[in-house]
Amino acid sequence: MLAWRRVTEGDFGLLREWLMQPHVARWWNHDTSVEAVARDFGPAARGEEPSEDFLVLLDGTAVALVQRCRFADYSDYLADLAGQIEVPDGAVTIDYLIGDPARAGQGLGPRVIRAIIAATWVDHPAASAVVVPVHATNRASWRALEKAGLWRVATVELTPDNPEDDRTHFVYRVDRPTAESDGR
């Protein structure tokens with residue numbers, strides 16, 4: 001069974017371990033020093049910024065991280081994307097990683113994405129859509145989005161997380177389901 005809870009400062013050691021895993025480090029390219037993890041995850045853990053960081057649990061064991069935020073709360077990010085595609089008012093975005101390399105490639109990613117999107121419709125009643133840019137060469141990530149029911153809607157140019165990558169990103173989207181739609 002999947003569940004999640006907000007990341008706390010007590011989780012920073014685990015996040016640091018996950019960020020050092022080669023399958024995560026390739027795409028997140030995050031400074032893994034104790035100070036950097038505290039600096040980057042601390043404000044959300046303390047409720048000082050509007051993003052939400054969730055530790056995802058599978059049968060009680062921590063397996064993944066999901067970050068969720070409203071584009072409206074991050075105007076620079078919104079401006080970068082909205083200059084290239086339509087970003088609906090109220091749109092939310094997510095980022096995610098499977099921490100344990102033994103669990104990667106086992107279908108957990110799409111399960112986590114589906115679950116967090118379903119929760120987004122409840123947690124954020126004004127959320128109109130979930131819009132997720134992902135680097136074009138991160139096939140595992142964009143395939144997980146597709147398996148979770150998101151549709152590729154655009155190719156855009158954004159600053160990559162890893163400076164070794166080019167700027168090409170695919171954008172995936174799913175709209176809030178209505179009685180007349182299936183979420184597309």
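Keep in mind that what you see is a predicted model, and the values were worked out from it rather than measured.
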Subject >> CA sep, side-chain torsions, deciding dist, call: Val56, Arg5, side chain to side chain contact (heavy atoms under 4.5 Å, CB included) >> reply: CA-CA 7 Å; Val56 179; Arg5 63 169 175 75; over 6 Å; no
**OP:** Before accepting this row, confirm whether a basic side-chain N of the pair Asp89/Arg70 lies closer than 4.0 Å to the acidic partner's carboxylate O.
**Re:**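 A salt bridge is absent here (no side-chain N lies under 4.0 Å from a carboxylate O).
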**OP:** Using a strict cut-off of less than 4.0 Å between a Lys/Arg side-chain nitrogen and an Asp/Glu carboxylate oxygen, indicate whether Arg26 and Asp161 qualify as a salt bridge.
**Re:**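 Salt bridge: no.
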According to a 4.5 Å side-chain heavy-atom criterion applied to Ile, Leu, Val, Met, Phe, Trp and Tyr, with indirect links allowed, do [X] and [Y] form part of one hydrophobic cluster?
{"X": "Leu14", "Y": "Met20", "answer": "no"}
{"X": "Val153", "Y": "Leu158", "answer": "yes"}
{"X": "Val24", "Y": "Leu145", "answer": "no"}
{"X": "Val7", "Y": "Val66", "answer": "no"}
{"X": "Val87", "Y": "Val92", "answer": "no"}

To the closest 0.5 Å, what do you measure between [atom1] ([X]) and [atom2] ([Y])?
{"X": "Thr159", "Y": "His169", "atom1": "OG1", "atom2": "NE2", "result": "8.0 Å"}
{"X": "Tyr96", "Y": "Trp28", "atom1": "OH", "atom2": "CH2", "result": "10.0 Å"}
{"X": "Ile116", "Y": "Asp95", "atom1": "CD1", "atom2": "CG", "result": "12.0 Å"}
{"X": "Asp59", "Y": "Leu2", "atom1": "CG", "atom2": "CG", "result": "8.0 Å"}
{"X": "Thr32", "Y": "Leu19", "atom1": "OG1", "atom2": "CG", "result": "7.5 Å"}

Is any side-chain heavy atom of [X] less than 4.5 Å from a side-chain heavy atom of [Y]?
{"X": "Trp142", "Y": "Arg152", "answer": "yes"}
{"X": "Asp100", "Y": "Gln21", "answer": "no"}
{"X": "Asn29", "Y": "Pro163", "answer": "yes"}
{"X": "Phe41", "Y": "Asp53", "answer": "yes"}
{"X": "Ser141", "Y": "Phe170", "answer": "no"}
{"X": "Val130", "Y": "Arg173", "answer": "no"}

**OP:** Can you establish whether the number of heavy atoms outside Arg139 located under 6.0 Å from its atom CZ is more than 12?
**Re:**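 Count not over threshold, so no.
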Subject >> Glu164 atom CD, neighbour heavy-atom count above 12 within 6.0 Å >> reply: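 No, CD of Glu164 has 12 or fewer neighbouring heavy atoms, counting only those of other groups under 6.0 Å.
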Regarding [X] and [Y], is there a side-chain donor-to-acceptor distance under 3.5 Å anywhere?
{"X": "Asp31", "Y": "Ser33", "result": "yes"}
{"X": "Arg68", "Y": "Ser51", "result": "no"}
{"X": "Glu146", "Y": "Tyr172", "result": "yes"}
{"X": "Asp11", "Y": "Thr8", "result": "yes"}
{"X": "Thr93", "Y": "Tyr74", "result": "no"}
{"X": "Glu52", "Y": "His124", "result": "yes"}
{"X": "His30", "Y": "Asp40", "result": "yes"}

[X] side chain to [Y] backbone, donor-acceptor under 3.5 Å:
{"X": "Gln84", "Y": "Glu157", "answer": "yes"}
{"X": "Arg114", "Y": "Lys147", "answer": "yes"}
{"X": "Arg176", "Y": "Trp121", "answer": "yes"}

Subject >> Trace of the side chain to side chain contact (heavy atoms under 4.5 Å, CB included) decision for Ile113 with Val132 >> reply: CA-CA 11 Å; Ile113 293 166; Val132 184; over 6 Å; no
**OP:** Start with the C-alpha distance between Val156 and Leu81, add both sets of side-chain angles, then the distance that settles side chain to side chain contact (heavy atoms under 4.5 Å, CB included), and finish with yes or no.
**Re:** CA-CA 8 Å; Val156 299; Leu81 195 56; 4.0 Å; yes
**OP:** Give the intermediate values and the outcome of salt bridge (Lys or Arg N to Asp or Glu O under 4.0 Å) for residues Asp80 and Arg167.
**Re:** CA-CA 12 Å; Asp80 286 347; Arg167 295 177 48 84; over 6 Å; no
So, for [X] and [Y], which heavy atoms are closest and what is the spacing to 0.1 Å?
{"X": "Leu65", "Y": "Trp18", "result": "N-CZ3, 3.8 Å"}
{"X": "Leu58", "Y": "Arg111", "result": "CD1-NH2, 3.8 Å"}
{"X": "Asp73", "Y": "Pro50", "result": "OD2-CB, 3.4 Å"}
{"X": "Leu55", "Y": "Leu15", "result": "CD1-CD2, 4.4 Å"}
{"X": "Ala148", "Y": "Pro110", "result": "CB-O, 3.8 Å"}
{"X": "Arg16", "Y": "Val34", "result": "NE-N, 3.6 Å"}

Subject >> side chain to side chain contact (heavy atoms under 4.5 Å, CB included) between Leu150 and Ile117, intermediate numbers included >> reply: CA-CA 10 Å; Leu150 284 82; Ile117 289 173; 3.4 Å; yes
Original post:
Checking side-chain contact (heavy atoms from CB on, under 4.5 Å) against Trp27, which of Leu97, Asp165, Val134 comes through?
Top reply: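 Filter result, single survivor: Asp165.
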